[in-house]
**Student:** 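Mind having a look at this structure? Questions to follow.
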Protein chains: 2
Amino acid sequence: MIRAAAERLFAQHGYAAVSMRRIAAEVGMQAGALYNYTPDKQSLLFGMMKSHLEELLAAWAATPRTTRPAEALESFTRFHISFHLDRPDAVFIAYMELRSLEPQNFTAIETLRRRYETELETILRRGKATGDFTIPDTRLATMAVIAMLTGVTTWYRDDGRLSRERVERIYWNMVRKAMGA
Amino acid sequence: MIRAAAERLFAQHGYAAVSMRRIAAEVGMQAGALYNYTPDKQSLLFGMMKSHLEELLAAWAATPRTTRPAEALESFTRFHISFHLDRPDAVFIAYMELRSLEPQNFTAIETLRRRYETELETILRRGKATGDFTIPDTRLATMAVIAMLTGVTTWYRDDGRLSRERVERIYWNMVRKAMGA
DNA sequence: ATGGTAACTGAACACACGTTCAGTTCAATG
DNA sequence: CATTGAACTGAACGTGTGTTCAGTTACCAT
């Protein structure tokens, strides 16, 4: 409840621009009452980012594995778009508020984010090894695909011109071609 | 001088998290003296974002036109990467601090940003018309390419593993393939 | 030397910040 | 009905915020 309200506000105005009083007002309390739920403001941010990334990793881990590289990449592409479109606020915060994290919290989040990137990187490396993908630099391809896919959250609207399925399909085609598969 | 300092600080900590006193300290003044150079904090942000986008549009306008769609796209790809890598702070701010802009300032910046996107969209539309590109949805392809290219700024380091030329070449190849050219 | 002016200081303004805490409320338990 | 305890209020804490402005400084043209 509180976390959900904070997430909405952080995504909209940014962590630094949202006061504890504003969050409290959003859930109909006084600011002091929030401290029954969180030790401080920073923990509120860290908690939501950590949960988001852990859910991301768990959801991907629960996605069926496939052997063929192209299938794995399609699976990842569709998973990434779908998961991120369901959580636009959390995604926004996870990518934008890294600099609002205190050093040790930042490190923890970076580790999780890196772990997720490695999932894609592994798929690409295998596909490169089997000759399914034509990519001169695996790490660079990883970053390119993630940036491209995450970008969907900046413009996609549920009531927009294109359905999710159509967006997923078109992006998968672009990713596939870009990786030379 | 002041704008440069503010740009650095905004990029690093975010607009809301940087105080006028902090900016003043960075340039060796008291906070009050800043108001000889800017009417207020918001103008400082708006000014740097506007300048950045105007320079972006001007620089692209000054780039030689080419007739063949694939050449135009290569030109845009390399231009975008090169221009953005030269101004990592300005890029970061232009993409991250949109929400810190007051409504009318936001509108002005969005207009400029949209104008730049249209440059790419035009290239893609022409290439699609001539059959040089195979893209089911032009607008979506535009967003995908911009997201992918801008993503470079999040990981590229001048002293890193890959030279700019190599990064540009690899990205151009991915973009080309993704557009079916 | 003198007057003018642009740059800057340092203090102040009203307000907002994150956080703490003594006290109040109120539903559940005995 | 009395007691407990969690949830919450409302005020306060020290500090920081953007912005203003009467003064001081330092330099430049006369």
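In this text, all values refer to a predicted model and were calculated from it rather than measured experimentally. The sequence lines fix the lettering, A, B, ..., with proteins before strands; numbering per chain opens at 1.
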**Student:** Whole angstrom is fine here: how far is it from NE2 in His13(A) over to P in dC17(C)?
**Tutor:** 12 Å
**Student:** Is it true that Arg3(A) and Ser51(A) share a donor-acceptor pair across their side chains at a distance under 3.5 Å?
**Tutor:** yes
**Student:** How long is the straight-line distance from CH2 of Trp155(B) back to CG of Leu162(B), given to the nearest 0.5 Å?
**Tutor:** 6.0 Å
**Student:** Quick check on the 6.0 Å ring-centre criterion: do Trp60(A) and Phe83(A) meet it?
**Tutor:** no
**Student:** May I ask you to decide whether Arg164(B) forms a salt bridge with Glu168(B), counting only side-chain N to carboxylate O separations under 4.0 Å?
**Tutor:** no
**Student:** Do the side chains of Arg169(B) and Asp137(A) get close enough for a salt bridge, i.e. N-O under 4.0 angstrom?
**Tutor:** no
**Student:** Without decimals, in angstroms, what is the distance between Met1(A) CE and dA7(D) P?
**Tutor:** 15 Å
**Student:** Is it the case that the ring center of Tyr116(A) lies less than 6.0 angstrom away from the ring center of His80(A)?
**Tutor:** yes
**Student:** Holding to side-chain contact (heavy atoms from CB on, under 4.5 Å), I want the full list of residues that pass it with Thr153(B), two or more places apart in sequence or in another chain.
**Tutor:** His84(B), Leu85(B), Val91(B), Thr150(B)
**Student:** Minimum heavy-atom separation for Gly151(A) and Ala147(B), please, with both atom names.
**Tutor:** CA-CB, 4.0 Å
**Student:** Looking at Gln30(B), does any N or O in its side chain come under 4.0 Å of the phosphate oxygens OP1/OP2 on dG10(C)?
**Tutor:** yes
**Student:** Can you list the stems that DNA chain C is part of, where a stem is at least 3 pairs in a row, each Watson-Crick or G-U, with both distances below 3.5 Å?
**Tutor:** C:1-30 with D:1-30
**Student:** Can you build the contact string for nucleotides 15-22 of chain D? Use B for base contact, S for sugar-phosphate-only contact, and - for no protein heavy atom under 4.0 Å.
**Tutor:** --BBBBB-
**Student:** Output the rounded distance in Å from CE (Met29(A)) to P (dT19(C)).
**Tutor:** 16 Å
